[in-house]
Amino acid sequence: MVRVLKDNDAQNREKFLERLAKKADRPRHTLTADPFLPLNDLPETTLADKTPEELLELAQVNSEKIHVEFKRATIATLGGLLDEYLIQKKAKSLLLPSFKANKWAEYGLSAWKEHLALEKVYTWKEALGRENLENANKSDVALGFADYLLAESGTITAASTKEQGRSFHFLPTHYVALVKKSTILPRMRHAIYRYEQALQQGTL
């Protein structure tokens, strides 16, 4: 009889760890006996005193340092700014996420996305499976919604969801991330905290 080991199986994990401890000739390490104690609170407090305006300025400076084209817009001007960008990149194809109408309305893009003058507009949909990857690979530009922008590094975070999967952000030739000013955070620790909360609440 062939026994198949399951991924992330608690019994398999314990046997594996016991085997390692025996081979190393030392007792099993347990977190309860040796809990993690941080040396300081710098991950939480660094840049935490900055105002939203200061975080915005810092985010732009650090984004441009890593060669990101950083643009500011209001709800009224965002559609026009995106049109200019598509023209600038000579885009013929665009990849959009499949978020519901209220998401687009938050950014004032409800009408904009319905009147795109491009040869092809793809939408990332869970039901399409691997076809999403093919569409992403053929897209000149992807327009996605970021979760957070980290002021310290100028990088964005975006969870992989059914509306915009992992490859959505990487396969197209150009990528545009929409970020609200209210979601600019000081650094990674602050984003991790919010993701942890979302996981606990079942909203991610």
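Not measured: the values here are computed from a predicted model. One is the number of the first residue; the rest follow in order along the sequence.
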Legend entry - Considering all heavy atoms, the nearest Ile156-Ala177 contact: CD1-CB, 3.6 Å
Inset, instruction - Give a yes or no on whether Leu109 and Phe168 share a hydrophobic cluster (residues Ile, Leu, Val, Met, Phe, Trp, Tyr; joining criterion: side-chain heavy atoms under 4.5 Å apart). - result: no
Legend entry - From Leu185 atom CG to Thr157 atom OG1, the distance as rounded to the nearest 0.5 Å: 7.5 Å
Inset, instruction - Using distance alone, with no hydrogens and no angle criterion, decide if Glu163 and Thr161 have a side-chain donor and acceptor under 3.5 Å apart. - result: yes
Legend entry - Any residue meeting side chain to side chain donor-acceptor pair (under 3.5 Å) with Lys180, in chain and number order, not counting sequence neighbours: Glu106
Inset, instruction - Among Ile, Leu, Val, Met, Phe, Trp and Tyr joined by side-chain contacts under 4.5 Å, find the other residues sharing a cluster with Leu58 and list them by chain and number. - result: Leu47
Inset, instruction - Taking the side chain as every heavy atom from C-beta outward, state whether His174 and Gln88 have any atom pair closer than 4.5 Å. - result: no
Legend entry - CH2-OG distance between Trp124 and Ser98, expressed to the nearest 0.5 angstrom: 10.0 Å
Would you mind writing out the side-chain donor-acceptor pairs for residues 18-26 within the sub-3.5 Å range, not counting sequence neighbours?
from	atom 1	to	atom 2	distance (Å)
Glu18	OE2	Arg28	NH1	3.1

Side-chain donor-acceptor pairs under 3.5 Å in residues 135-154, sequence neighbours left out?
from	atom 1	to	atom 2	distance (Å)
Asn135	ND2	Glu131	O	3.4
Ser139	OG	Asn135	O	2.7
Asp140	OD2	Lys92	N	2.7
Asp140	OD2	Ser93	N	3.1
Asp140	OD2	Ser93	OG	3.4
Asp147	OD2	Ala159	N	2.7
Asp147	OD2	Tyr195	OH	2.7
Glu152	OE1	Arg187	NE	3.2
Glu152	OE1	Arg187	NH2	3.4
Glu152	OE2	Arg187	NE	3.2
Glu152	OE2	Arg187	NH2	3.3
Ser153	OG	Thr155	OG1	2.7

Legend entry - ILVMFWY network linking Val176 to Trp104, side-chain heavy atoms under 4.5 angstrom: yes
Legend entry - Check: Val179 and Phe70 side chains under 4.5 Å, non-hydrogen atoms: no
Legend entry - salt bridge (charged side-chain N to carboxylate O under 4.0 Å, His left out): pairs with one or both residues in residues 193-203, sequence neighbours excluded: Arg189-Glu196
Inset, instruction - Rounded to the nearest 0.5 Å, what's the gap from CG on Leu96 to NZ on Lys125? Could you check? - result: 11.0 Å
Inset, instruction - Determine, using the 4.5 Å side-chain heavy-atom cutoff (strictly less than), whether Tyr85 and Val68 are members of one ILVMFWY cluster. - result: no
Inset, instruction - Could you tell me whether Phe16 atom CZ has more than 12 heavy atoms of other residues or ligands within 6.0 Å of it? - result: no
Inset, instruction - Following the transitive rule for hydrophobic clusters with a side-chain heavy-atom cut-off under 4.5 Å over Ile, Leu, Val, Met, Phe, Trp and Tyr, establish whether Leu78 and Val121 coincide in one cluster. - result: yes
Inset, instruction - Answer yes or no: are there more than 12 heavy-atom neighbours, outside Lys103 itself, under 6.0 Å from its atom NZ? - result: yes
Inset, instruction - Examine distances only and state if a side-chain atom of Glu114 and a backbone atom of Ala111 form a donor-acceptor pair shorter than 3.5 Å. - result: no
Legend entry - Heavy atoms from other residues, nucleotides or ligands near NZ of Lys89 exceed 12 (cutoff 6.0 Å): yes
Inset, instruction - Output the distance between atom CD1 (Ile184) and atom NZ (Lys50), rounded to the nearest 0.5 Å. - result: 14.0 Å
Inset, instruction - Kindly indicate, with the supporting measurements, whether the criterion side-chain hydrogen bond (donor to acceptor under 3.5 Å, both in side chains) is fulfilled by Gln60 and Glu64. - result: CA-CA 6 Å; Gln60 178 162 1; Glu64 292 173 345; 3.1 Å; yes
Inset, instruction - Find out whether Phe99 and Thr123 are in side-chain contact, i.e. whether some heavy atom of one side chain is under 4.5 Å from a heavy atom of the other. - result: no
Inset, instruction - Measure the spacing between OG of Ser63 and NE2 of His67 and express it to the nearest 0.5 Å. - result: 12.0 Å
Legend entry - Side-chain heavy atoms of Trp112 within contact of Asp83, under 4.5 Å: yes
Inset, instruction - Applying ring pair (Phe, Tyr, Trp, His ring centres under 6.0 Å), name anything that partners Tyr175, two or more places apart in sequence or on another chain. - result: His169
Inset, instruction - Please say whether more than 12 non-hydrogen atoms of neighbouring residues, nucleotides or ligands are located less than 6.0 Å from CZ in Arg72. - result: yes
Inset, instruction - Please round to the nearest 0.5 Å and tell me the distance separating atom CG of Asn40 and atom OG1 of Thr46. - result: 8.0 Å
Legend entry - Closest non-hydrogen atom pair, Lys120 against Tyr122: CG-CZ, 3.3 Å
Legend entry - Shared hydrophobic cluster, Tyr107 / Leu56 (ILVMFWY, side-chain heavy atoms < 4.5 Å): no
